[in-house]
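Okay, so here's the structure we're looking at.
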Amino acid sequence: MSERTRQPKWLDNAVFYEIYPQSFQDTNADGIGDLEGIIRHLDDIQELGCTAIWLNPCFQSPFGDAGYDVEDYCRVAPRYGTNEDMARLFEESHRRNMHVILDLVPGHTAVTHRWFRESMKAEKNEYTDRYVWTDCVWESPDGMGCIRGISDRDGSCAVNFFSHQPALNYGFYKPDKPWQQSFDDPGPQATLEAMKDVMRFWLKMGCDGFRVDMAGSLVKNDEEGKGTIRLWQNVRAFLDEEFPDAAMVSEWGEPDKSLQGGFHMDFLLQFGPSHYMDLFRCEEPFFSSRGKGNIAEFVHTYQKNYEKSERKGLICIPSGNHDMARLARKLQGDELKIAFAFLLSMPGAPFIYYGDEIGMRYVEGLTSVEGGYERTGSRSPMQWDDSVNAGFSHAPKECLYIQQDAAADRPTLKAQKQDPDSLYHEIQKLIQIRMAHPALQSKGDIAYVYAEENAYPLAYVRSSEEEKILVVINPAARTVEFPYDGQIGEVLYQFGRGLSSDGKKIIIQGQSAVFVKIS
Ligand code: GLC
Ligand code: CA
């Protein structure tokens, strides 16, 4: 297999902040967040301690899937601003030593994309093979949804996600129908070249890389991912040649595959085999103070992936994202602080979803906005302060992109900045400690010390050449213990009442998290 992918240096200690542009800060009172709003808050993001931003799609779109249905890959949607605003966002970020990655959606476009309109035509043209079409309207592609009956072209077009997101053609792993092409055929190759042009366009403007949407499902009928891995290796060669500093993170959820494809980072996600949901979002999450969770399968899968990926890249554990329920839906109060003690002491680059740093709630009972459905409750506008619309927008309340948490005690950044015991300050402190200790950063090693079936706490050792740090996390309300006969040294971080050791075991109090030096 390929050489180890070279990592951009800045990923070593990067802490990402995910921004959903429409919900962050509205500066022209149309009820929708914009790029200018993000620029105005760069200092806030930096003050929290984040060093990089992942921006969800902000390109021209009919917004049937909140922008994941792209109509023009190279044009900022007017509701967010202009391409010049984007260039300014890159510049202003770089001036603060921060990096910005954009969202690349290579799998599908909107039906309104020019490519698709051309592809629907009966006459053969440059875009005929840009999407996955069958050769007869009555034949649908196996195992995939499709669009049919809206084109003069005789065929059905495969879709990826919603039925208005036609699948771009990267070929089939093993084509076995006349209309199926292989990755090496001219159509799929042209699609990939077009996507490289999109990447070039933004990277030349100053973008620092991409989060890649549905990265693992581009080549079809590719159960083991071999075809898609090969596709990304091709992209890796292009980036190595032209943009070696561009950072790439995949929405794939199987690091053993994505890192082979040359991605620097992969996410553990709400889908896929990672057991990520066991942490914060299942019936009995491990991080609930009820203490009925089970971390063992998560750790087991993590270790397997960590070994299989041979440290080729980073496994990233997000606090949440725009597709899953807010962290604060199942966890509250100190539980959130302890969850962040874990998130910010694990290897890989941490990703904090906007608003999670103040414990923003999942807004229950909302009507779907732009294809959000149950995801809409996690996408409500940022709560900055106690002014109108929590400082998000001067538009009338009914005109906001999504209705905000109506509770009188909804968390705001302003209130949390004023309260020394807030979640915000705990996260700020945790990031500072991470920044001061390479062992805790992206590439530091991890060895699990205690992670048993249905048991607490969770304990692991993070290490670099300079030092070893034992991390002990007990989200449960009860005092627990585990066998440990090593020496413990200076305490670098403590939340809760902490731990003690008698040389044979460590006893940790309820709802505590401790980082302690062991050499
Ligand atoms: C990804 C995105 C999600 C989107 C889907 C289709 O999962 O995160 O928001 O709806 O892909 O593009
Ligand atoms: Ca606006």
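Just so we're clear, the structure is a prediction, and the values are computed from it rather than from any experiment.
Listed for the Ser309 side chain is no donor-acceptor partner under 3.5 Å among the backbone atoms of Lys312. Side-chain N or O atoms of Glu467 include none that pairs as donor or acceptor with a backbone N or O of Lys517 at under 3.5 Å. Under the 3.5 Å distance criterion, the side-chain polar atoms of Ser258 are left unmatched by any main-chain donor or acceptor of Trp252. A donor-acceptor pair is defined here as one N or O able to donate and one able to accept, closer than 3.5 Å; such a pair exists between the side chain of Gln416 and the backbone of Tyr424. The closest donor-acceptor contact from the side chain of Arg211 to the backbone of Asp103 lies at 3.5 Å or more, if one exists at all. The backbone N or O of Gly372 sits less than 3.5 Å from a side-chain atom of Arg375, completing a donor-acceptor pair. Between the side chain of Arg6 and the main chain of Pro244, a donor-acceptor pair closer than 3.5 Å is present. No side-chain donor-acceptor contact under 3.5 Å links Arg462 to the backbone of Ile469. A donor-acceptor pair is defined here as one N or O able to donate and one able to accept, closer than 3.5 Å; such a pair exists between the side chain of His264 and the backbone of Met248. Side-chain atoms of Glu426 do not come within 3.5 Å of backbone N or O of Ser422 as any donor-acceptor pair.
Here Arg79 pairs with Glu370 under the salt bridge (Lys or Arg N to Asp or Glu O under 4.0 Å) rule; sequence neighbours left out. Listed by chain and residue number, Phe24, Gln25, Asp44, Trp384 satisfy the side-chain contact (heavy atoms from CB on, under 4.5 Å) test with His41 (two or more places apart in sequence, or in another chain). Remark: Asp185 engages no residue in a salt bridge (Lys or Arg N to Asp or Glu O under 4.0 Å) (not counting sequence neighbours). When the side-chain contact (heavy atoms from CB on, under 4.5 Å) test is applied to Asp222, the partners found at least two apart in sequence or on another chain are Tyr173, Val219, Lys226, Thr228. Taking the salt bridge (Lys or Arg N to Asp or Glu O under 4.0 Å) definition, one finds that Lys174 meets it with nothing, sequence neighbours left out. With sequence neighbours excluded, the residues forming a salt bridge (Lys or Arg N to Asp or Glu O under 4.0 Å) with Asp356 are Arg326, listed by chain and number. Listed by chain and residue number, Glu84, Asp85 satisfy the side-chain contact (heavy atoms from CB on, under 4.5 Å) test with Thr82 (two or more places apart in sequence, or in another chain). Listed by chain and number, the residues in a side-chain contact (heavy atoms from CB on, under 4.5 Å) with Glu466 are Pro438, Ser464 (sequence neighbours excluded).
Here the closest non-hydrogen pair linking Arg236 and Gly262 is NE-O, 2.8 Å. Here the closest non-hydrogen pair linking Ser393 and Asp26 is OG-OD2, 2.7 Å.
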Take Lys257 and Asn305 through the test side chain to side chain donor-acceptor pair (under 3.5 Å) and record every step on the way to the result.
CA-CA 9 Å; Lys257 296 181 181 160; Asn305 277 325; over 6 Å; no
Check the pair Trp202 / Phe59 against ring-ring contact (aromatic ring centres under 6.0 Å, His included), numbers first and verdict last.
CA-CA 12 Å; Trp202 293 110; Phe59 316 109; 5.6 Å; yes
For Ser380 and Tyr401, run side chain to side chain donor-acceptor pair (under 3.5 Å): C-alpha distance rounded to whole Å, both residues' side-chain angles, the deciding distance at 0.1 Å, then the answer.
CA-CA 8 Å; Ser380 65; Tyr401 176 68; over 6 Å; no
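Counting only residues at least two apart or in different chains, salt bridge (charged side-chain N to carboxylate O under 4.0 Å, His left out) contacts with residues 262-278 are absent. Listed by first and then second residue, the salt bridge (charged side-chain N to carboxylate O under 4.0 Å, His left out) pairs involving residues 47-56 are Glu47-Lys417 (not counting sequence neighbours). Judged as a salt bridge (charged side-chain N to carboxylate O under 4.0 Å, His left out), the pairs with a partner in residues 187-206 (not counting sequence neighbours) are, in order, Glu193-Lys196, Asp197-Arg200, Arg200-Glu242.
In summary, the aromatic rings of Tyr131 and Phe116 are positioned with their centroids under 6.0 Å apart. The distance between the ring centers of Tyr73 and His113 falls below 6.0 angstrom. His275 has its ring centre no less than 6.0 Å from the ring centre of Phe286. Ring centroids of Phe267 and Trp54 are separated by less than 6.0 Å, placing the two rings close together. Checked against the 6.0 Å centroid threshold, Phe342 and Phe287 count as a close aromatic pair.
Salt bridge present: Arg379 and Asp323 bring a charged side-chain N and a carboxylate O closer than 4.0 Å.
Ile101 is not listed as a side-chain neighbour of Ile53, based on a closest heavy-atom distance of 4.5 Å or more. At least one side-chain heavy atom of Leu203 sits under 4.5 Å from a side-chain heavy atom of Phe210.
Checked by atom type, the side-chain pair Glu71/Ser61 shows no donor-acceptor distance below 3.5 Å.
Here CE of Met98 is found 6.0 Å from OG of Ser93. Values are rounded to the nearest 0.5 Å. We find the CD1-CD distance between Ile229 and Glu254 to be 8.5 Å, quoted to the nearest 0.5 Å. Note that CZ of Phe201 and CG of Leu102 are 10.5 Å apart. Values are rounded to the nearest 0.5 Å.
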Quiz: residues 8-16 side-chain donor-acceptor pairs under 3.5 angstrom, not counting sequence neighbours:
from	atom 1	to	atom 2	distance (Å)
Lys9	NZ	Asp12	OD2	2.7
Asp12	OD1	Lys443	NZ	3.3

